[in-house]
Amino acid sequence: MALALGFIPGVGAIYNGQIGKAMVQVLLFGSFIALSDRVHGPFGPIFGLGAAVFYFYMVIDSYQTAKAKQLGQPAPEWLGMGDMKMNAPVGAAVLIGLGALFLLDNFGVPVFNQIGRFWPVLLI
């Protein structure tokens, strides 16, 4: 199940109970896609390839984490983020909110364009 859900960015990590990891994965994946669209020159395709590699990494990571948990082994740490105990609906709501923000950016909503300049601060 974790492998199948891993094809949706962040959902495989939510399935494994790693809400913080899921939020960071969605932000990084969205950042790679946004940068590949907005950066011109040779770096645009590089960010596109980065998004593709990171996408398949998320799938493999969710599977390996679920397998480790099933065998009773500790889940692999990812950037120092262990399991965050949070209800799944809260994590799902955060991911839906992030998706809505990226959708508003695609539609060019003027309010988000002003706020959207500073969204990389969330990564910091």
Side-chain angles (χ1 to χ4, degrees):
M1 183 62 96
L3 179 68
L5 291 175
F7 284 101
I8 305 169
V11 177
I14 289 175
Y15 177 78
N16 290 325
Q18 299 172 317
I19 307 300
K21 181 194 256 187
M23 288 187 268
V24 171
Q25 285 180 348
V26 169
L27 284 172
L28 286 174
F29 185 67
S31 298
F32 278 129
I33 291 175
L35 287 171
S36 69
D37 183 45
R38 293 185 179 150
V39 173
H40 302 291
F43 290 109
I46 291 173
F47 285 122
L49 287 173
V53 168
F54 190 70
Y55 178 79
F56 289 109
Y57 164 77
M58 289 186 292
V59 174
I60 294 168
D61 179 63
S62 64
Y63 174 74
Q64 288 179 341
T65 301
K67 187 174 180 181
K69 285 186 170 194
Q70 186 180 30
L71 295 174
Q73 299 171 349
E77 291 287 326
W78 192 72
L79 297 175
M81 288 187 234
D83 292 343
M84 286 181 62
K85 301 298 179 198
M86 189 182 300
N87 292 333
V90 174
V94 169
L95 289 177
I96 290 170
L98 287 172
L101 289 177
F102 284 118
L103 183 64
L104 287 174
D105 185 45
N106 287 341
F107 286 136
V109 174
V111 174
F112 185 70
N113 285 339
Q114 297 301 320
I115 297 170
R117 294 182 190 175
F118 300 104
W119 74 267
V121 173
L122 294 173
L123 294 176
I124 295 172

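Numbers here simply count residues along the sequence, with the first being 1. Quick note: numbers below take in every heavy atom, side chains included, and nothing from hydrogens, waters or symmetry partners. Values in this document were obtained by computation on a predicted structure and should not be read as measured data.
In this structure Y63 satisfies the side chain to side chain contact (heavy atoms under 4.5 Å, CB included) test together with L3, K67, sequence neighbours excluded. Every ring pair (Phe, Tyr, Trp, His ring centres under 6.0 Å) that F29 has, sequence neighbours left out, goes to Y55. Remark: Q70 pairs with no residue by the side chain to side chain contact (heavy atoms under 4.5 Å, CB included) rule, at least two apart or across chains. For the side chain to side chain contact (heavy atoms under 4.5 Å, CB included) test, no residue two or more places apart in sequence or in another chain qualifies with A52.
Note that NZ of K69 and CD of Q18 are 5.0 Å apart. Values are rounded to the nearest 0.5 Å.
Taking a 4.5 Å side-chain heavy-atom cut-off between Ile, Leu, Val, Met, Phe, Trp and Tyr, the cluster of Y15 extends to M1, L5, I8, V11.
Residues N16 and K21 are not in side-chain contact: their nearest non-hydrogen atoms beyond the backbone lie 4.5 Å or more apart.
A single hydrophobic cluster is seen to contain both L28 and I46, as judged by linkage of ILVMFWY side chains at heavy-atom distances under 4.5 Å, directly or through other members. Hydrophobic clustering, with ILVMFWY side chains joined whenever heavy atoms are under 4.5 angstrom apart, keeps V24 apart from I60. Under a hydrophobic clustering in which Ile, Leu, Val, Met, Phe, Trp and Tyr are joined whenever their side-chain heavy atoms come within less than 4.5 Å, directly or via other members, F56 and I33 fall into the same cluster. Side-chain heavy atoms closer than 4.5 Å link hydrophobic residues (I, L, V, M, F, W, Y) into clusters, and following such links, even through other members, never connects L35 to V53.
Of all heavy-atom pairs spanning G10 and V26, the tightest one is CA-CG2, 4.0 Å.
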